[in-house]
Amino acid sequence: MIRFAVEKANRVLVIAHVDPDGDAIGSMTALGQGLAQLGKRVTLACDDAVPARFLSLPMAGEVRRAPNVDVPYDLVIAVDCADESRMGWAYDSLPEPKPSLANIDHHITNTRFGAFNIVEPEASSTAEVLYRFLPEIGVEMTRGIAESLLTGIVTDTIGFRTTNVTASTLRVAADLVDQGVDIAAISYQSLHQKAYSTAKMWGIGLTGMKLEEGLLWTSISRVDMQRAGLEGNPNSSGLVNFLADVDAAVMGVILSEMNDGSVRVTMRTQPPYNVAEVAVQFGGGGHALAAGCTLDGPLERAEERLVAACLTAIRRQRLSADPNPA
Ligand code: 5GP
Ligand code: MN
């Protein structure tokens, strides 16, 4: 039982996934605050930097890129990680034998890689899973925890408009708002406000978009990113949601060339289509309607392979949804 593992543990390492989103950072900082409240010594680690829009969350400033290898952690808890590789160097850098590992997540593709697994694919977010889990280990709700959890829920549901939003999600959110959290400020800061360089990247991405059989995609090269003034990972989730909302599109895809030459892919769709199926073919994962993966470069070759896989998926999934099209 994970509850006993937490009770016994003194030094706990919480890891969120690479290229962290609002659910990763919100869940990690909520759990961090909860464990600190229980008197645990907590380290928060993420292989990529915390995006600026989440830095105001409690404990977000304490997130390290890698754990402290001198600390003998009793327990590692992965949050919002669909598989072990999503923890990246934050986990790989731990010396052997590695501490016991717990996995708290909501991805349908989760591989149950922990010794303890709390995986709820029907939950809107890992934050919603934690909302129910934290009281089970004796954590009392605080305004700071509520702020972190609400950030996770608001961002992963794109402002309560994904298909996994249930009455329960809204009740959880209402309870968090009752803690005194400013939901409008959270929505604006974590979802809508964007850097000028991001807006420029949208311009480049939209100019280069291509449409074929309902697949709307765009590729963004390193040169494009330099032109937009972006460094490191582009925050492309806003743009990919925008692409998938275009009426002629059933799938929206962005391919971004990373500094190491690899190509990050982010995908969105609507029912009955499924992008997790495509992501898994390339070693990635996610949800039916939102998924991602990383391909080897060069960008043009990655684009060819990914577009072919997406078009095959669109044709097959369209057919299985309606085997006798008029
Ligand atoms: P995004 O496109 O916003 O990066 O990710 C969409 C969803 O897919 C998120 O829930 C994210 O955690 C998951 N995801 C993205 N990339 C990967 C990947 O490479 N592997 C796995 N397992 N999941 C991914
Ligand atoms: Mn995530």
Side-chain angles (χ1 to χ4, degrees), residues 16-26 28-29 46-63 65 80 125 147-148 150-162 181-211 216-247 249 251-268 290-292 294 297 299-300 302-303:
H17 62 75
V18 292
D19 192 12
D21 53 20
D23 195 25
I25 302 298
M28 174 165 63
T29 56
C46 179
D47 197 345
D48 289 303
V50 176
R53 61 192 184 285
F54 306 125
L55 274 176
S56 62
L57 290 178
M59 289 184 85
E62 292 174 34
V63 178
R65 299 293 280 272
D80 203 37
S125 51
E147 198 184 329
S148 288
L150 197 57
T151 298
I153 295 174
V154 164
T155 52
D156 247 36
T157 61
I158 327 173
F160 303 102
R161 61 187 185 83
T162 52
V181 181
D182 184 345
I183 189 170
I186 285 186
S187 303
Y188 180 68
Q189 209 184 330
S190 65
L191 215 49
H192 302 298
Q193 192 184 36
K194 53 187 69 65
Y196 178 62
S197 55
T198 303
K200 288 206 38 160
M201 200 222 24
W202 278 47
I204 293 167
L206 289 173
T207 305
M209 69 186 172
K210 296 173 207 158
L211 178 66
L216 184 59
W217 80 97
T218 191
S219 286
I220 298 171
S221 68
R222 271 181 286 186
V223 175
D224 291 333
M225 278 186 237
Q226 279 159 8
R227 249 197 301 154
L230 277 175
E231 279 172 26
N233 279 358
N235 166 31
S236 42
S237 57
L239 179 57
V240 76
N241 294 333
F242 185 89
L243 291 180
D245 285 342
V246 171
D247 62 1
M251 245 179 227
V253 173
I254 300 180
L255 298 101
S256 316
E257 188 182 27
M258 300 283 101
N259 285 333
D260 63 2
S262 67
V263 177
R264 226 6 255 157
V265 175
T266 169
M267 299 185 274
R268 300 288 184 272
T294 302
L299 184 58
E300 293 71 23
E303 179 175 330

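Only this structure's heavy atoms are used, side chains among them; waters, hydrogens and symmetry mates stay out. Here, residue 1 is the first one in the sequence, and each next residue gets the next number.
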TODO: Measure the OG1-CD1 distance between T162 and I153 for me, rounded to the nearest 0.5 Å.
DONE: 11.0 Å

TODO: Report the residue from V18, D19, I220, I254 that forms a side-chain contact (heavy atoms from CB on, under 4.5 Å) with R264.
DONE: D19

- [ ] For a side-chain contact (heavy atoms from CB on, under 4.5 Å) with V265, tell me which candidate from T294, V253, V240 qualifies.
- [x] V253

Task: Test side-chain hydrogen bond (donor to acceptor under 3.5 Å, both in side chains) applied to S197 - qualifying residues, sequence neighbours left out - done: none

Open item on the list: To check you understand the geometry: which heavy-atom pair defines the closest contact between E147 and S56, and what is its length?
Closed with: OE2-O, 4.2 Å

Open item on the list: Run the side chain to side chain contact (heavy atoms under 4.5 Å, CB included) test against L206 and tell me which residues pass, sequence neighbours left out.
Closed with: M209, L239, F242, L243

TODO: Could you tell me the separation between the CG atom of D47 and the NE2 atom of H17, rounded to the nearest 0.5 Å?
DONE: 12.0 Å

- [ ] Kindly determine whether L150 and I183 satisfy side chain to side chain contact (heavy atoms under 4.5 Å, CB included), including the steps that lead there.
- [x] CA-CA 8 Å; L150 197 57; I183 189 170; 3.9 Å; yes

Task: Side chain proximity check, L191 to V154, heavy atoms < 4.5 angstrom - done: yes

TODO: Quick one: list whatever passes side-chain hydrogen bond (donor to acceptor under 3.5 Å, both in side chains) with S148, sequence neighbours left out.
DONE: T29, Q33

Task: side-chain hydrogen bond (donor to acceptor under 3.5 Å, both in side chains) partners for R222, two or more places apart - done: E257

Open item on the list: For M258, is there any backbone N or O sitting under 3.5 Å from a side-chain donor or acceptor partner on S262?
Closed with: no

TODO: Applying side chain to side chain contact (heavy atoms under 4.5 Å, CB included), name anything that partners Q193, two or more places apart in sequence or on another chain.
DONE: Y188, Q189

Open item on the list: Please give me the minimum heavy-atom distance between F54 and A60, naming the atom from each residue.
Closed with: O-CB, 3.4 Å

Task: Qualifying residues under side chain to side chain contact (heavy atoms under 4.5 Å, CB included), relative to N241, sequence neighbours excluded - done: I158, R268

Open item on the list: Just verifying a value: how many Å separate L255 CG and M267 CE, rounded to the nearest 0.5 Å?
Closed with: 9.0 Å

Task: Residue pair A24 / A16: nearest heavy atoms and the distance that separates them - done: O-CB, 3.7 Å

TODO: Taking the side chain as every heavy atom from C-beta outward, state whether V50 and P20 have any atom pair closer than 4.5 Å.
DONE: no

Task: Nearest atoms (heavy-atom pairs only) where S190 meets T155 - done: OG-CG2, 3.4 Å

TODO: Report the C-alpha separation of T151 and V181 in whole Å, then their side-chain angles, then the decisive distance to 0.1 Å, and conclude whether the side chain to side chain contact (heavy atoms under 4.5 Å, CB included) test is met.
DONE: CA-CA 10 Å; T151 298; V181 181; over 6 Å; no

Task: Over all atoms of both residues, closest heavy-atom pair of L216 and A249 - done: CB-CB, 3.7 Å

Open item on the list: How long is the straight-line distance from CE of M28 back to CD of E62, given to the nearest 0.5 Å?
Closed with: 10.5 Å

Task: Contacts of D224 that satisfy salt bridge (Lys or Arg N to Asp or Glu O under 4.0 Å) - sequence neighbours left out - done: R227

Task: All side chain to side chain contact (heavy atoms under 4.5 Å, CB included) counterparts of D245, not counting sequence neighbours - done: R161

Open item on the list: Taking side-chain hydrogen bond (donor to acceptor under 3.5 Å, both in side chains) as the definition, give me every residue that meets it alongside D247, ordered by chain and number, with sequence neighbours left out.
Closed with: none

Open item on the list: Taking salt bridge (Lys or Arg N to Asp or Glu O under 4.0 Å) as the definition, give me every residue that meets it alongside K200, ordered by chain and number, with sequence neighbours left out.
Closed with: none

Open item on the list: Nearest 0.5 Å, please: how far is CG in L230 from CD1 in I204?
Closed with: 8.0 Å

